[in-house]
2 protein chains.
Amino acid sequence: MPPPPARRRIPDATVARLPIYLQILAEQSTAAIDNISSEGLAGLAGVNAAKVRKDLSYLGSYGTRGVGYDVGYLIYQIRRELGLNYDWPVIIVGAGNLGQALAGYGGFIDRGFPVGGIVDVDPAKFDVVVAGARVRPLDELSQIVESKDISIGVVAVPSSAAQDAADLLVKAGVTSILNFAPVILSVPVGITVRKVDLAVELQILSYHEQRRSVAQQNGQLQGAPADRGRGATA
Amino acid sequence: MPPPPARRRIPDATVARLPIYLQILAEQSTAAIDNISSEGLAGLAGVNAAKVRKDLSYLGSYGTRGVGYDVGYLIYQIRRELGLNYDWPVIIVGAGNLGQALAGYGGFIDRGFPVGGIVDVDPAKFDVVVAGARVRPLDELSQIVESKDISIGVVAVPSSAAQDAADLLVKAGVTSILNFAPVILSVPVGITVRKVDLAVELQILSYHEQRRSVAQQNGQLQGAPADRGRGATA
DNA sequence: CGACGCATGTGCGCGAGTTCACAAAGCGCT
DNA sequence: AGCGCTTTGTGAACTCGCGCACATGCGTCG
Ligand SMILES: NC(=O)c1ccc[n+]([C@@H]2O[C@H](COP(=O)([O-])OP(=O)(O)OC[C@H]3O[C@@H](n4cnc5c(N)ncnc54)[C@H](O)[C@@H]3O)[C@@H](O)[C@H]2O)c1
Ligand SMILES: NC(=O)c1ccc[n+]([C@@H]2O[C@H](COP(=O)([O-])OP(=O)(O)OC[C@H]3O[C@@H](n4cnc5c(N)ncnc54)[C@H](O)[C@@H]3O)[C@@H](O)[C@H]2O)c1
């Protein structure tokens, strides 16, 4: 077994890309490709090759000069760094439209995030079974989190109830929250929150569309904008 | 009516925040609050006040010194800049779990993105009615896009079919794509793609969790990482 | 066994974005 | 009308990430 993982801090921008690399590497592995160059990986990920190398260098020197990276080993290293060596059960709050779609989504458990529980306030939803999980009353949230040692919660309730849901999760001991409600959650320091807001995504697309149509009318006065964060105007 | 909108290019980072401001402002407006300071808006959005001011300054000088910003007017200006003055109908490809949840989600049309159509390859899905929209055969995609002049497409098909779906959308004339499949889409230049990948989000959370547990074992050697992009370790 | 070629790992300059700090500018009160 | 209080708008410093370019090191082939 190789030297212990380098314990330096990894830039957030890099952390956000590691899952992408991981997913591509997994595909390569399935395709029986056991070696890949930074160039190759960069092409598939849609980023710069130097960026790939720099990103991977934060994990350690796991490549072979003149050759490339061993796919399997790289997968192992990235998984280790992301904490994917063991499962992270998640608890979903809100068994509505979205909550049920999420619970039923196989891509969760496949990637090491089994649904450890799903709760709702609406008694009509109790005992509905989604992909093996049974919807439980909201009161049981705390107990579920404790008994299954869950540290990741998913908020899939209406906006008005989102802060309450987050408060409950935090009180129960959850330290990371994935929020689908279009509101900014306020949480204690030390709790990590990420937000997925479809409306925001669409509005960003809308901005580009609007820009395109304006540019068209003006005879392409402006250059095409580059994108940032996720996605790209490729 | 004030001077024509400043036509400078708005930084992508700012564009990504404008929808957040917009949503907060809408809430304030509902609460009969008709004026807000950069400080107040920043607090609600979870960002720095100076950043708010700089972001808003890209739209023009729409604040009043010593007072703040008029909520209604600011809403109008942001909406205009994002191209939200008129509706952008979207077409959803894939009427499975996710596609149906999306189509049935009221938050879409509420924010100016009515479902202009939803298509699938599976005949079993045809004519299923979701929130007023009827699922149509994939063949009709092009015709729907054309007849309704749709420029935004949503990809909600399995990964293996995502690139095909994207190609179809592009060929039909769509210029912006919101992709839910965990694959990198390759599209011609000039097409804007944004990706929403739940697994990526969860894996980023996992990283922070893993980091937390390591830090705990080591007696807090490392400082808590700041988050980037979306979400926050607040 | 030595030389060649190739891809990694990284030092460094550059640019974008963030934040500080302050001058400019309305508003209300005297 | 003037004065002081408040908050905007923005110049400027700073931080951070990106990408070039190249030295380094490994594998291979002669
Ligand atoms: N459906 C989508 O495609 C979609 C897309 C983007 C965002 N969202 C957001 O996700 C959230 C949920 O959307 P949805 O379509 O599933 O709504 P929904 O109304 O179908 O489901 C909400 C569920 O939450 C439950 N609930 C309400 N208050 C609760 C509380 N305090 N604690 C626990 N459960 C509670 C309700 O009983 C209901 O079952 C909303 O904030 C919505 O804006 C949904
Ligand atoms: N369900 C979720 O919560 C969820 C969450 C995150 C990501 N995703 C992603 O969203 C995508 C869809 O997920 P899902 O759960 O809805 O899957 P699903 O299997 O329920 O639905 C997929 C649908 O796409 C249709 N389809 C297949 N090939 C097609 C093609 N070439 N053209 C048009 N339609 C086609 C199928 O007939 C099916 O109806 C997947 O890529 C998945 O990874 C889903």
Side-chain angles (χ1 to χ4, degrees), chain A residues 2-3 6 8-18 20-21 25 33-71 73-74 77-78 204 223 225-230 232-233, chain B residues 2-3 6 8-18 20-21 25 33-71 73-74 77-78 204 223 225-230 232-233:
Chain A
R8 39 198 159 184
R9 199 175 157 291
I10 298 182
D12 297 313
T14 294
V15 172
R17 279 188 297 268
L18 288 179
I20 312 281
Y21 300 152
L25 290 168
I33 294 170
D34 57 353
N35 188 82
I36 193 169
S37 68
S38 62
E39 198 87 37
L41 184 48
L44 293 170
V47 300
N48 184 292
K51 202 188 290 186
V52 169
R53 289 198 296 275
K54 189 152 283 185
D55 284 343
L56 296 181
S57 77
Y58 289 114
L59 309 182
S61 284
Y62 299 136
T64 308
R65 297 178 184 219
V67 178
Y69 300 88
D70 180 88
V71 172
Y73 189 55
L74 205 48
Q77 289 299 340
I78 295 179
I204 294 173
D227 214 338
R228 180 200 123 94
R230 307 174 300 153
T233 300
Chain B
R8 41 201 156 183
R9 201 176 154 290
I10 297 181
D12 297 313
T14 294
V15 172
R17 281 187 296 269
L18 288 179
I20 312 281
Y21 301 151
L25 290 167
I33 294 170
D34 58 353
N35 189 84
I36 193 168
S37 68
S38 61
E39 198 88 37
L41 184 48
L44 293 170
V47 299
N48 185 292
K51 201 189 289 188
V52 169
R53 289 199 295 276
K54 187 147 283 188
D55 283 344
L56 296 181
S57 77
Y58 288 115
L59 310 182
S61 283
Y62 298 136
T64 306
R65 295 177 184 220
V67 177
Y69 299 88
D70 180 89
V71 172
Y73 190 55
L74 204 49
Q77 288 298 341
I78 295 179
I204 294 174
D227 216 336
R228 180 198 123 96
R230 308 174 300 154
T233 299

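Within every chain, numbering begins at 1; the chains are lettered A, B, ... in the order of the sequence lines, protein sequences first and strands thereafter. What you see is a predicted model; the values in this text were computed from it and never measured.
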Rounded to whole angstrom units, what separation is found between the [atom1] atom of [X] and the [atom2] atom of [N]?
{"X": "Lys51(A)", "N": "dG11(C)", "atom1": "NZ", "atom2": "C1'", "value": "18 Å"}
{"X": "Leu56(A)", "N": "dA7(C)", "atom1": "CG", "atom2": "P", "value": "16 Å"}
{"X": "Arg65(B)", "N": "dT8(D)", "atom1": "CZ", "atom2": "P", "value": "10 Å"}
{"X": "Glu39(B)", "N": "dA21(C)", "atom1": "CD", "atom2": "C1'", "value": "14 Å"}
{"X": "Ile10(B)", "N": "dG17(C)", "atom1": "CD1", "atom2": "P", "value": "12 Å"}
{"X": "Tyr62(A)", "N": "dC26(D)", "atom1": "OH", "atom2": "P", "value": "16 Å"}
{"X": "Asn35(B)", "N": "dT8(D)", "atom1": "CG", "atom2": "P", "value": "9 Å"}
{"X": "Tyr58(B)", "N": "dT8(D)", "atom1": "OH", "atom2": "C1'", "value": "15 Å"}

Return no unless some side-chain N or O of Tyr69(A) is found under 4.0 Å from OP1 or OP2 of dG9(C). yes

Would you indicate, yes or no, if dT8(D) has its OP1 or OP2 atom less than 4.0 angstrom from a side-chain nitrogen or oxygen of Thr64(B)? no

Select one nucleotide: of [options], the one nearest the side-chain heavy atoms of [X].
{"X": "Asn48(B)", "options": "dT8(C), dT19(C), dT7(D)", "answer": "dT19(C)"}
{"X": "Ser57(B)", "options": "dA7(C), dG17(D), dG9(D)", "answer": "dG9(D)"}
{"X": "Ala50(B)", "options": "dA21(C), dG25(D), dG9(D)", "answer": "dA21(C)"}
{"X": "Arg17(A)", "options": "dT10(C), dC18(D), dT24(D)", "answer": "dC18(D)"}

Nearest heavy atom decides the nucleotide; on that basis, is Gly68(B) or Pro11(A) closer to the 5' end of DNA chain D? Gly68(B)

Considering non-hydrogen atoms only, spot the tightest contact between Asn35(A) and Val71(A) and give its length. N-CG2, 3.5 Å

State, with a plain yes or no, whether a side-chain heavy atom of [X] is found less than 4.5 Å away from one of [Y].
{"X": "Ile20(A)", "Y": "Val47(A)", "value": "no"}
{"X": "Asp70(A)", "Y": "Thr64(A)", "value": "no"}
{"X": "Leu18(A)", "Y": "Leu59(A)", "value": "yes"}
{"X": "Val15(B)", "Y": "Tyr58(B)", "value": "no"}

With a 3.5 Å cut-off and heavy atoms only, can you find an N or O donor on one side and an acceptor on the other between the side chain of Lys54(B) and the base of dT18(C)? no

Looking at Arg53(B) and dT8(D), is any side-chain donor or acceptor paired with a base atom of the opposite kind under 3.5 Å? no

